[in-house]
Amino acid sequence: MAAEKSTIDALGQFHLDTGLGAIGRSVNFANSNVMMVVAAALVLLALHYGMRRRAVVPGRLQALAEIGYQFIHDMCVEQIGEEGKRFFPFVFALFFFILIGNLIGLFPYFFTFTSHIAVTGALAVLVIVLVTAVALRIHGLHFFSYFWPEGAPVVLAPLIVPIEIISYISRPVSLSIRLFANMTAGHVMFEVFATFMLMLVGALGAFGYVLALGPLVINVALMGFEVLVAFLQAYVFAVLTCIYLHDAVHLH
Amino acid sequence: MTRLMRAGIAALMLAPALVLAPAGAWAGEGEGMPQLNFANSLTGSQVVWLAIIFAIFYVLLSRVALPQVAAVLEHRSATIAGDLDAARGAKEQADLAVQELTLATRKAHADAQAAIAAAVAEAKAEAARHAAQLNQALEAQLAAAEQQISAARGTAMAALRDVATETASAMVQRLASVAAPREAVDRAVGAVLAGRG
């Protein structure tokens, strides 16, 4: 992050490297994987320490754990129905894994694993495979009627069926790109404005410090916005998962 | 909620355009977008580690952490339900006690009224008895007085005959200068007195 840098390297922050030193190098353990472990551990520790006292009147951490639990539980039951309770641990894991991944990525020098399309794509594929497996398990071959809207004229079958199939397949694509793009965009903007400050100082000296206040203010506002995005994207991912699961359980 | 969500999703769909434009602009330097650099073996291998980490995360959540939360929430709702039941029971008991108290008060009231009524009745009876006694005594006195009067009257009447006989004898002596026989005078006086009643 030297001030003399003349170009903006907005994408270097997404560069994958091995984490955990030599051990990580030997097993290809990436810096993104380190943050995954941190995110998962944070969630588990928060739940564990929050629930340690098992108080009837909860303290702060316990209230946090219970609110998180109730929030996802209600979301599952509301979107999927009573059967949604079976998928609750999965949606809970998904939501908090992504949410904490988004949030810890906002700290300087912390890698944001949700900004990698391979990661979000894998999560989206996991969701869609689960949804399809659930649908096939519950409805058997009747599941394929999902691609045929009831009461549509038979003449349109060659048109409607491919469209339905494409829309079904595009679900994981949109699911993964939405999260990846949002996180990448936010972090690129952080980097652009931060580097811009350094460039101003490097080029204009003392006067540059005054001008650099502009990008600084923008970055502060951006940070608030990115916190919102972190929550919103995790929520969107979880809600869409619930909606797809609802379709899988009820078909249409 | 859903409308807001939809609007949010629509807005966020535009985000890729924002990213991919700069990505294209900087693609020339270095490795381009690290996310799309599949020459880096870590891009693929991180997904394998993701699968392992997420699987462990899921198992720990669903087997250990979430049941803990569920148990606490269940315990809380059970405690609250139990407390409510206890409160309801206590209220029932209190209601019962209030009812009992009302009944007892009413009974005491009735008893007091009865006692007052009895006392009044007794007093009245006593007064009546007293009055009757007094009446009797007065009547007895009255009767005695009447008897005395009639006795006096009898005596007086008896004396009156003697006086009348003597007066008649004396008047006959004076007027006719003859001594009338005592029996005849007595008879005549008796006949007159009898005639007057």
Side-chain angles (χ1 to χ4, degrees), chain A residues 7-12 14-18 27-33 36-37 39-40 43-44 47-48 50-51 54-56 58 62 65-66 69-70 88-90 92-93 96-97 113 115-119 121-123 126 174 177-178 180-182 184-185 188 192 229 232-233 235-236 239, chain B residues 1-2 5 8-9 11-20 22-23 25-27 29-38 40-73 75-76 78-80 83:
Chain A
T7 54
I8 298 175
D9 178 22
L11 295 169
F14 303 119
H15 177 72
L16 281 169
D17 221 330
T18 50
V27 292
N28 254 356
F29 198 81
N31 47 2
S32 66
N33 297 129
M36 290 174 195
V37 172
V43 174
L44 288 169
L47 283 178
H48 181 257
M51 285 298 150
R54 314 171 70 85
V56 172
Q62 188 180 338
E66 286 177 10
Y69 183 98
Q70 288 284 346
F88 162 67
F90 176 71
F92 187 93
F96 279 100
F97 191 63
F113 63 81
S115 69
H116 265 254
I117 184 75
V119 173
L123 290 173
L126 174 65
S174 68
I177 289 184
R178 186 180 305 117
F180 145 73
N182 270 285
T184 305
V188 164
V192 166
V229 168
L232 192 64
Q233 286 308 316
Y235 180 71
V236 165
V239 156
Chain B
M1 184 67 199
T2 45
M5 220 178 73
I9 292 170
L12 297 172
M13 289 296 250
L14 295 174
L18 210 100
V19 189
L20 296 178
W26 281 297
E29 325 163 0
E31 55 175 348
M33 269 190 99
Q35 289 99 323
L36 299 176
N37 178 12
F38 291 100
N40 186 347
S41 66
L42 287 170
T43 309
S45 73
Q46 68 171 343
V47 173
V48 178
W49 280 111
L50 163 69
I52 295 167
I53 294 165
F54 193 76
I56 294 171
F57 181 49
Y58 174 78
V59 168
L60 284 179
L61 271 183
S62 61
R63 296 279 153 84
V64 184
L66 293 179
Q68 240 176 355
V69 185
V72 169
L73 289 179
H75 174 242
R76 170 171 315 137
T79 308
I80 290 173
D83 286 357

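By convention in this document, chain letters (A, B, ...) are assigned in the order of the sequence lines, proteins followed by strands, and residues within each chain are numbered from 1.
Among A/A122, A/S32, A/A65, the residue making the largest number of heavy-atom pairs under 4.5 Å with chain B is A/S32. When each of B/L73, B/I52, B/V64, B/L60 is scored by its heavy-atom pairs under 4.5 Å with chain A, the top score falls to B/L73. Taking chain B as the reference chain and counting heavy-atom pairs below 4.5 Å, the highest number among A/G121, A/S115, A/A39 is found for A/S115. The residue among B/V69, B/V48, B/T43 with the most heavy atom pairs within less than 4.5 Å of chain A is B/V69.
Under the 30°/60° scheme for interplanar angles, the aromatic rings of A/F113 and A/F97 are found to be tilted. Classification of the A/F90-B/Y58 ring pair by plane angle, with boundaries at 30° and 60°, yields perpendicular.
Considering every non-hydrogen atom in both A/T184 and B/Q35, the closest pair reads OG1-NE2, 3.2 Å. Of all heavy-atom pairs spanning A/L47 and A/F92, the tightest one is CD1-CE2, 3.9 Å.
Of the atoms belonging to A/F29, heavy atoms from both backbone and side chain fall under 4.5 Å from chain B. Neither the backbone nor the side chain of B/A51 comes within contact range of chain A, judged by heavy atoms closer than 4.5 Å.
Between the CG atom of B/L61 and the CZ atom of B/F54 there is a distance of 8.5 Å, given to the nearest 0.5 Å.
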